[in-house]
Amino acid sequence: MNNTRFQLLLLVLLALAMTHLFNAQANAQGHYDEPYRPQFHFTPEKNWMNDPNGLVFYKGEYHLFYQYNPFGNSWGHMSWGHAVSKDLVHWQHLPVALAEENGVMIFSGSAVVDWNNSSGLCKSSDPKDKSCLVAIYTGHIEGKNQSQHIAVSNDRGRTWTKFPGNPVIDIGYKDFRDPKVIWHEATKRWVMVVSLSKEQKVRFYGSPNLKQWELLSEFGPAGVKHDKMLWECPDLFELPVEGQPGQGKKTRWVLIVNINPGGVAGGSGGQYFIGNFDGRKFTNDNPNDTALFVDHGKDFYAGVTFSDVSDGRRILIGWMSNWQYAGKEPTSAFRTAQSIPRVLGLRQTAAGIRLVQQPIPELKTLRDNTTVLEAVNILASYAPKDLMVGDALELVAEYEVGKDSTAVIRLRSESSETVIGYDAATGKLFIDRTRSGDVGFHPNFAGRHEAALAPKQGRIKLHVLVDRSSVEVFGNDGEVALTDRIFPPSPKQHVELDGNAKCLSLQGWQLRSIWK
Ligand code: FRU
């Protein structure tokens, strides 16, 4: 090797070492290691975040855009923050994709792959690939107007150009937002579902090119009733119903409508409707007042799904907070987190067809240090006291339950505790965060949140994810979900089992951080 080459190699090695040192230093300085900092959930490095936006899979990458204030730790200057992932587990931060400009904030919306350049905005020079990414979002002028806009990216989402003909839909309204666009194969056109928030309605529009839109129909009010409630962040998709004869053949459409305030336990939450969408109109299978909830905890809002996932999975992410107290959450320099991506399905249950959700299987790649409860078939309260200790944990347990059984998983942190449990007498799965640590920052934070869960052949299954400041609980293979934030005195939680239900199996893992 000649001298210059050797010097070049040295320089490269030095640069690599510096990068590593920089990351290590950042971690040592508490970067992504603050006491409430989630270790396997997405959070921006700093500043305020709310809804997930523009979820789309394209050329090997999952894109997560999100409502973001680039200038501070509270809501304002809304723009689209951006991150990409190859596995939905590890995220790489990218610069702000769409920024507030000329007094127009970038509110929530979606993104699609325009595979055939229907918009005429794709600039590909490859005759075999005409595609580009198109984002569809609400342009918000404070106190004046909300209208629908589009922007295009011809470099895999790295840079974006707002369409000069914006807005593409403007009806002169102040509360008209959060467009979700899908490709409707049967009618071969784009369909947008967008909310008339104060009217508690969604509107459906159709378009051949993402630029000209025709009003098709409206749906709502329906489901949860509340005078002051707003409808926000809708989503629309078709899914096969599990376990039907001719598996996968019967499909239904799901219309998600996020509601603020309202929700099962107060504040903001998500409801959904099951029915049919014929390309123009959504027809509800259930009576108009049937209320179905996406998640029964207090911290799952603005849940929307990815577009264009190559393996056909329908994957949902929700914002792990609640408008009642989001701005008061005791974290800095970041505020709020996104949920774990969840794979959705539809299942025929005794009560009817229901949305089911399970954490993405990719999460298993983070599992480390397995704990298995050896003495199965014991009463839960006889299990060793400190079953597991850690700040990022996953647990899968199955119990046999009689009519008065209780099954409890207690997360103890110093003298505080978060109680996850099942009470067979009431048939409810719950998270009780009344004494979970810092609960005093808002009067609506402390509390117990529950959901009905029926045993199957006398058994219930729990799947629990704990990540420093969050708990997600899935009951009976995703038939119900509960998501709650917690702010315990120490990031490490001690797992204890309690109750008189017979624990048939339990496996637990510490999960590795995605940030180190
Ligand atoms: C929902 C929401 C949306 C809006 C965005 C603004 O959380 O209120 O309706 O687009 O947040 O940040």
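Counting convention: from 1, in listed order, for ligands and their atoms alike. Counting begins at 1 with the first residue of the sequence.
For Asp114 and Lys130, the salt-bridge test fails: no basic side-chain N is under 4.0 Å from an acidic carboxylate O. Classification of Lys162 and Glu101 as a salt-bridged pair holds, one side-chain N sitting under 4.0 Å from a carboxylate O.
Checked by distance only, ligand 1 and Asp178 come closer than 3.5 Å through their nitrogen or oxygen atoms. Taking distance alone, with nitrogen or oxygen atoms compared against 3.5 Å, Trp319 stays at or beyond that limit from ligand 1.
Set against the non-hydrogen atoms of Ser108, the atoms of ligand 1 under 4.0 Å away are 5 (C), 10 (O). Heavy-atom proximity to Tyr301, at under 4.0 Å, picks out these atoms of ligand 1: 1 (C), 7 (O). Taking a cut-off of under 4.0 Å to the non-hydrogen atoms of Phe107, the atoms of ligand 1 that pass are 4 (C), 6 (C), 10 (O).
The protein heavy atom nearest to atom 2 (C) of ligand 1 is Asp51 OD2, 3.4 Å. Atom 6 (C) of ligand 1 has its closest protein heavy atom at Gln67 OE1, 3.2 Å. Of the protein's heavy atoms, Glu232 OE2, 2.9 Å lies nearest to atom 8 (O) of ligand 1.
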Report the C-alpha separation of Phe306 and Phe57 in whole Å, then their side-chain angles, then the decisive distance to 0.1 Å, and conclude whether the ring pair (Phe, Tyr, Trp, His ring centres under 6.0 Å) test is met.
CA-CA 7 Å; Phe306 277 89; Phe57 180 79; 8.4 Å; no
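When the options Ile259, Asp51, Ile256 are evaluated for a side chain to side chain contact (heavy atoms under 4.5 Å, CB included) with Cys233, the one that passes is Asp51.
Counting heavy atoms closer than 4.0 Å to ligand 1, residue Asn50 contributes side-chain atoms (C-beta onward) but none from N, CA, C or O.
Checked by atom type and distance alone, the side chain of Asn322 never pairs as donor or acceptor with a backbone atom of Gly267 at under 3.5 Å.
Trp213 and Tyr205 have their aromatic ring centers separated by at least 6.0 angstrom.
Of all heavy-atom pairs spanning Ala222 and Asn288, the tightest one is CB-OD1, 3.2 Å.
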